[in-house]
Amino acid sequence: MAFTLATWNINSVRLRKALVARLLAEEAPDVLCLQECKSPVEKIPLEVFAEAGYRYMVGRGQKGYNGVAILSKLPLEDAGDQDFAQLGHARHVAARLPNGVTVHNFYVPAGGDEPDREKNVKFGQKLDYLTEMRDWFHASKPEKAILVGDLNIAPREDDVWDHKKLLKIVSHTPVEVEHLAQVQDAGDWVDITRKDVPEGLLYSWWSYRAKDWAAADKGRRLDHIWATPDIANAAHSSRILKAVRGWEQPSDHAPVFASFDV
DNA sequence: ATGACGGAACTATTCCGA
């Protein structure tokens, strides 16, 4: 079965339901993983997505913050969730596709401003979250699995607009990059976007604060698609839809796509 | 300074994003 999957930090699924519908209509991924829904699950506008042909959803939500959801044209089986670092947040949900592939949708904590866990509790929570992700995948190696989401880390020098300037900025510090690498190693995860696009600058997020985000182009690649080695070779056609960042009243993230012949 | 915007919440100002 061939299918296309996308991940998008939507920054409020209720405010931007029309943008979600537009992406579904124009790009028609089989599966769309959303982060920062900022909504209880029961208030997600499912009827809008069902009308577009996306009749299946698994999600975890809370009022105002965080929240993850998987919308699908294909039937989904709820495959549970994890509360790493015991934050009590809705930051992970998993679903099984009819072909047996498990999709993990993550929203890793941002980590606050100061990259020092002694001064900033949130930075410590981010590192702890990643450590528990690592331990979980180490305890049971994932198979036939895809991991997507806003991981809030841009690991490579060419995943940020200026590597040296961002070394002390949360999302690109060496300690975060090392923690993310350990998560990746624990599950033998293959970075599908970089498998398909091995060279060159790649961003999926541009700050709202720039006067002209496109002209400044000071982006970071925070949103990722990974897959286990047993299906990584079936992946192709990775792309980041930068134009979506320029839509009316946009999210500050662009959606990331990949297709799989599994 | 990268750079001051944008969303949600017990509507007005505060927390949060990264």
Side-chain angles (χ1 to χ4, degrees), chain A residues 7-20 34-45 59-69 85 87-92 106-117 119-130 149-180 183 201-224 240 242 244-256:
Chain A
T7 180
W8 193 13
N9 179 318
I10 191 61
N11 188 17
S12 176
V13 70
R14 284 181 279 167
L15 187 71
R16 283 187 248 282
K17 62 185 179 185
L19 269 63
V20 174
L34 299 172
Q35 303 86 35
E36 279 207 272
C37 295
K38 296 187 174 178
S39 173
V41 170
E42 59 272 19
K43 290 190 177 179
I44 295 175
R60 297 293 186 273
Q62 60 186 94
K63 188 164 68 175
Y65 299 103
N66 310 312
V68 285
L87 301 175
H89 297 171
R91 294 182 176 275
H92 169 255
F106 278 100
Y107 176 48
V108 172
D113 280 325
E114 181 75 37
D116 179 346
R117 68 184 308 154
K119 299 178 190 166
N120 170 16
V121 173
K122 288 181 180 171
F123 193 73
Q125 289 174 341
K126 182 178 194 175
L127 298 181
D128 293 344
Y129 192 95
L130 294 161
D150 179 359
L151 305 184
N152 267 319
I153 297 171
R156 293 176 28 153
E157 294 191 16
D158 52 3
D159 289 337
V160 294
W161 67 276
D162 190 320
H163 166 64
K164 284 186 179 172
K165 281 188 174 137
L166 289 172
L167 276 171
K168 292 180 178 174
I169 302 297
V170 173
S171 72
H172 193 61
T173 64
V175 64
E176 290 170 86
V177 171
E178 173 56 25
H179 275 65
L180 189 68
V183 176
L201 300 173
L202 272 184
Y203 312 141
S204 65
W205 172 88
W206 293 261
S207 173
Y208 283 127
R209 298 185 187 191
K211 279 175 184 154
D212 184 340
W213 69 275
D217 199 23
K218 292 174 175 173
R220 308 176 198 170
R221 187 171 71 105
L222 305 178
D223 304 275
H224 301 267
I240 300 177
K242 183 176 180 180
V244 174
R245 177 63 178 79
W247 287 1
E248 181 90 5
Q249 200 176 18
S251 168
D252 45 356
H253 294 253
V256 181

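Side chains included, hydrogens not; waters and symmetry mates left out as well; all remaining heavy atoms used. Just so it is clear: chains get the letters A, B, ... in the order the sequence lines come, proteins before strands, and each one is counted from 1. On a predicted model such as this, the values are computed, not experimentally measured, just so you know.
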Any [X] side-chain nitrogen or oxygen under 4.0 Å from OP1 or OP2 of [N]:
| X | N | answer |
| --- | --- | --- |
| R209(A) | dG17(B) | no |
| N9(A) | dA18(B) | yes |
| K122(A) | dC16(B) | yes |
| H253(A) | dA18(B) | yes |

Out of dG17(B), dA18(B), dG3(B), which has the shortest distance to the side chain of K218(A)? dG3(B)

Round to the nearest Å and state the distance from [X] atom [atom1] to [N] atom [atom2].
| X | N | atom1 | atom2 | result |
| --- | --- | --- | --- | --- |
| R245(A) | dG17(B) | CZ | P | 18 Å |
| R220(A) | dG3(B) | CZ | P | 12 Å |
| L166(A) | dA1(B) | CG | P | 13 Å |
| K126(A) | dG17(B) | NZ | P | 10 Å |
| L19(A) | dG6(B) | CG | C1' | 14 Å |
| E36(A) | dC16(B) | CD | C1' | 9 Å |
| L151(A) | dA18(B) | CG | C1' | 14 Å |
| Q125(A) | dG17(B) | CD | C1' | 15 Å |

Could you tell me which residues satisfy side chain to side chain donor-acceptor pair (under 3.5 Å) with S251(A), sequence neighbours excluded, listed by chain and number? none

Among residues at least two apart in sequence or on other chains, which ones pass side chain to side chain donor-acceptor pair (under 3.5 Å) with N11(A)? K38(A), Y208(A)

Would you kindly say whether S171(A) and E176(A) are connected by a side-chain donor-acceptor distance under 3.5 Å? no

When rounded to the nearest Å, what value does the distance between [atom1] atoms of [N] and [M] take?
| N | M | atom1 | value |
| --- | --- | --- | --- |
| dA1(B) | dG7(B) | P | 29 Å |
| dC5(B) | dC10(B) | P | 25 Å |
| dC15(B) | dT11(B) | P | 15 Å |
| dG3(B) | dC16(B) | P | 25 Å |
| dA8(B) | dA12(B) | C1' | 12 Å |
| dA18(B) | dT2(B) | C1' | 11 Å |

Can you name the nearest heavy-atom pair linking N9(A) to D223(A), along with the distance? CB-OD1, 4.1 Å

Looking for any heavy atom pair under 4.0 Å, which part of the strands does [X] touch: base, sugar-phosphate only, or nothing?
| X | value |
| --- | --- |
| Y107(A) | sugar-phosphate |
| D252(A) | nothing |
| I169(A) | base |
| D150(A) | sugar-phosphate |
| D212(A) | nothing |

Might you confirm whether atom CD of E157(A) has over 12 heavy atoms from other residues, nucleotides or ligands at distances under 6.0 Å? no

5' precedence on DNA chain B between S207(A) and P250(A) (nearest-nucleotide basis): S207(A)

Under the ring-ring contact (aromatic ring centres under 6.0 Å, His included) test, residues paired with F106(A) that sit two or more places apart: H92(A)

Qualifying salt bridge (charged side-chain N to carboxylate O under 4.0 Å, His left out) pairs with a residue from residues 159-170 of chain A, counting only residues at least two apart or across chains: D159(A)-R194(A), D159(A)-R221(A), D162(A)-K165(A)

Determine the interplanar angle of the H253(A) and W205(A) rings, folded into 0 to 90°, and report it as parallel if under 30°, tilted if 30 to 60°, perpendicular if over 60°. tilted

What are the atom names and distances for every N/O pair under 3.5 Å that joins the protein to nucleotides 8-12 of chain B?
residue : atom : partner : partner atom : Å
dA8(B)  : OP1  : S12(A)  : OG           : 2.3
dA9(B)  : OP1  : G64(A)  : N            : 3.3
dC10(B) : OP2  : K63(A)  : NZ           : 3.3

Side chain to side chain contact (heavy atoms under 4.5 Å, CB included) partners for W206(A), two or more places apart: Y203(A), W213(A), D217(A), K242(A), R245(A), A254(A)

